2 protein chains.
Amino acid sequence: MKNKRKTRVTRRDVAEAAGVSETIVSYVMNGNRYVKEEKRQRVLEAVERLNYQPNHLARSLKMQKSRHLLFLTDDLRSEHFGDVMDAMETILFSENYLISLSRYRTDSGYINDLIARQFDGVFISSSSLDTDTLKQLSRAGVATVMVQRNSIDEVPENCAIINSGLYRGEKLLLDHLYASGCRRILFANRSVSDQNETFWEDPRVTAYEDFCREKNLEKLIMAPSPSDEEFRSRLKGCLSGKERPDAISAFNDRTAVEVLRITKELGINVPGDLAVSGFDNTKLSEYISPSLTTISVDRRDMAQKMLDTMFELIETGKAEDQSCNIKLIKRESTGI
Amino acid sequence: MKNKRKTRVTRRDVAEAAGVSETIVSYVMNGNRYVKEEKRQRVLEAVERLNYQPNHLARSLKMQKSRHLLFLTDDLRSEHFGDVMDAMETILFSENYLISLSRYRTDSGYINDLIARQFDGVFISSSSLDTDTLKQLSRAGVATVMVQRNSIDEVPENCAIINSGLYRGEKLLLDHLYASGCRRILFANRSVSDQNETFWEDPRVTAYEDFCREKNLEKLIMAPSPSDEEFRSRLKGCLSGKERPDAISAFNDRTAVEVLRITKELGINVPGDLAVSGFDNTKLSEYISPSLTTISVDRRDMAQKMLDTMFELIETGKAEDQSCNIKLIKRESTGI
DNA sequence: TTGAAAGCGATACCAA
DNA sequence: TTGGTATCGCTTTCAA
């Protein structure tokens, strides 16, 4: 009873209908061989009438090329991801590529499943990416473009990096805070549910540490909290203490917004008593009051670079690493 | 030089390495035939050593089943889409399915390209979905689950609908506004860039019209604006007029936020002089001031229903239509 | 110009 | 229990 796929029209059907050989149909479809005009017309007519579409699976199998990419990320729900995906999709569509997405999982069985799917390339934007995964993909001949890591020990064959500017961005923020007179700057890490992640390698933290060293400031780092509650209570602790910070550089906008909430509860004036900065330039950062100073990554630019790099990798097996355009967005939360 | 795919390990390699026939390898991999324990071990060992993964493309071609779904939507960037995708991905992962995404395009050539990719099923969440597309997919035997439309003239074979509750949601909002004493309620449609869309079929508008008829209220509908600027100027017109509305039910949160901005500019007090409601329960609606009364759709629930329906469609070719859970979220913008 | 035939990498029937 | 073989639908070489 399952007639689901019985309706599928194949090249054979077209050949029959047009009274030509199957090969001719392929030639006409691909336009790579000269076919006598009359036959070509018969084929085209049959294609139209039967609504024939060459089976992409069969073609991919034969060609060893699927025109299918995969985007792996920690957070499918972020504005950032959505914007990048959106920009990529537009380009990919015009290039006849398809893109799938999945949450990144550190599990070698999972990576093998992915390899089995025969993607031409994989994007990975994750803070918990490990070298083994990269090697695994490289060994399987899958082009891999990584985003968001500043550097990696050894970049395998068939692999390239897009530097998303986390390090540079954090530096811009800190410079700005410093220039505004802040000297006790707290770096507030986020609250997290997923304990897989290797936070301390985050370039933002590195940038913060480097900055403190340079300017000879005291390092005030709030470690990642296991829960929102924990985060709130820790932060309240920091802000109620004697020597409280005069600025908080938050891990991202989401975290910064939490900070703002708590300052409101505690009656601390922002930016009067405390400057606050975020990271990501989410919509929220613009609409919240006080509006949030933050770093914006040019997401279209990033998407473009990710794809350029990917295509180059697929073509040639090699590609230069790239860096994304970022911008400091000054708003109310750090004093005009 | 392109050794990209030379590294690919096939069943043949495993068979050779294990000293068995290719068929045996398949039997071991699929566990669907008894194989002498000793051979099985040899095969497993070879699989491990060579890091063999059955080629999913070949398998799909043979099985006429790709375990690959597609999500088509108007807006890849919305919070709603991200959340639904996220929830779906978790379930799909455990079922060994893959999902791709693409912006919905009304172009029969595009749909044909999609059909060529041999998806087992397609989700469509678009306000501009037309019956022809549906027929096309149905004819090709692709299971199709539609979201967001209240109803459609004729639902083809192999197709089901998830009612996202737009109509019910708008009614809840209007009831709430009415109960708060509002009698001149303006429905403010959004500003749009994509002129493809068939706005007037939006269930929110229908709900609004029905409501006005029921309560015998004057219909005040602001048509979709071609640009943000146009939207702002039209709205200012409405709010500066003599008989200005006492409530605005906006198309969605994004639109409502624009409304709030303009009220601020004009010095109109919300909710004192004017009640405002949104739709979607975005993060913004919670954090903005005044916080926004809105409708929340349970996105996990929606994802679950979409998948249940899809799987049933794929299995049996039929599935019941379903409705999503929605909730009225009362916040400051409509008075406490 | 054309078409038969050899794959691409799997599944599963049918004999042995 | 096993393995040869036909098949899934397509691309492309090679000979006619």
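Values in this document were obtained by computation on a predicted structure and should not be read as measured data. Here is the naming used below: chain letters follow the sequence lines, and residue numbers restart at 1 for every chain.
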Compile the donor-acceptor pairs under 3.5 Å between side chains in residues 35-48 of chain B and protein atoms, sequence neighbours left out, one pair per line.
unit_1, atom_1, unit_2, atom_2, d
B/Glu37, OE2, B/Gln41, NE2, 2.8
B/Glu38, OE2, B/Arg42, NH1, 2.3
B/Arg42, NE, B/Ala18, O, 2.8
B/Arg42, NH2, B/Ala18, O, 3.3
B/Arg42, NH2, B/Gly19, O, 3.3
B/Glu45, OE2, B/Arg49, NE, 2.9

In whole angstrom, give the distance that lies between atom [atom1] of [X] and atom [atom2] of [N].
X: A/Lys65; N: C/dG9; atom1: NZ; atom2: C1'; answer: 18 Å
X: A/Asn55; N: D/dT7; atom1: CG; atom2: P; answer: 18 Å
X: A/Glu22; N: D/dC8; atom1: CD; atom2: P; answer: 10 Å
X: B/Leu61; N: C/dA12; atom1: CG; atom2: P; answer: 13 Å
X: B/Arg8; N: C/dG7; atom1: CZ; atom2: C1'; answer: 14 Å
X: B/Glu37; N: D/dT1; atom1: CD; atom2: C1'; answer: 13 Å
X: B/Leu57; N: C/dG9; atom1: CG; atom2: C1'; answer: 9 Å
X: B/Gln118; N: D/dC10; atom1: CD; atom2: C1'; answer: 11 Å

Kindly give the atom pairs (protein nitrogen or oxygen, nucleotide nitrogen or oxygen) under 3.5 Å for nucleotides 12-15 of chain D.
unit_1, atom_1, unit_2, atom_2, d
D/dT13, O4, A/Tyr27, OH, 2.9

**Q.** Spacing of CG belonging to B/Asp321 relative to CG belonging to B/Asn163, to within rounding of 0.5 Å
**A.** 8.5 Å

Q.
Test of understanding: with ring-ring contact (aromatic ring centres under 6.0 Å, His included), list the residues that count as partners of A/His80, not counting sequence neighbours.
A. none

Q: Could you pull out all residues at least two apart from A/Phe71 that satisfy ring-ring contact (aromatic ring centres under 6.0 Å, His included)?
A: A/Phe81, A/Phe123

Q. What nucleotide, of C/dA10, D/dG9, D/dG4, holds the atom closest to the side chain of B/Ser21?
A. D/dG4

Q) What nucleotide, of C/dA10, D/dT2, C/dT2, holds the atom closest to the side chain of B/Lys36? A) D/dT2

Q: Output yes when A/Arg8 and A/Asp13 qualify as a salt bridge under the 4.0 Å nitrogen-oxygen rule, no when they do not.
A: no

(Q) Any salt bridge linking A/Lys305 with A/Asp301? Criterion: basic side-chain nitrogen under 4.0 Å from a carboxylate oxygen. (A) yes

Q. B/Gln53 near the nucleic acid: base, sugar-phosphate alone, or nothing, with a heavy-atom cut-off under 4.0 Å?
A. sugar-phosphate

**Q.** Those residues that, when tested against A/Asp308, pass side-chain hydrogen bond (donor to acceptor under 3.5 Å, both in side chains) (two or more places apart)
**A.** A/Gln304

(Q) Is B/Lys39 close enough to D/dG3 that one of its side-chain N or O atoms is under 4.0 Å from OP1 or OP2 there? (A) yes

**Q.** Residue-phosphate contact under 4.0 Å: A/Gln64 side-chain N/O, C/dG9 OP1/OP2
**A.** yes

Return the set of residues passing side chain to side chain contact (heavy atoms under 4.5 Å, CB included) with [X] (not counting sequence neighbours), or none when no residue passes.
X: A/Arg33; value: A/Tyr27
X: B/Ser60; value: A/Leu57, B/His56, B/Ser66
X: A/Ser26; value: A/Arg11, A/Asn30

Q: For B/Tyr34 and for A/Met29, locate the closest nucleotide of DNA chain D by heavy-atom distance; then report the residue assigned to the nucleotide nearer the 5' terminus.
A: B/Tyr34

Q: Could you tell me which residues satisfy salt bridge (charged side-chain N to carboxylate O under 4.0 Å, His left out) with B/Arg300, sequence neighbours excluded, listed by chain and number?
A: none

(Q) I'd like to check the salt bridge (charged side-chain N to carboxylate O under 4.0 Å, His left out) partners of A/Glu320; sequence neighbours left out, ordered by chain and number. (A) none

Q.
Give the residues of residues 40-48 of chain B touching DNA chain C, defined as any heavy atom closer than 4.0 Å, sorted by residue number.
A. none

Q: Could you identify which residues of residues 12-20 of chain B place a heavy atom less than 4.0 Å from some atom of DNA chain C, listed by residue number, or say none?
A: none

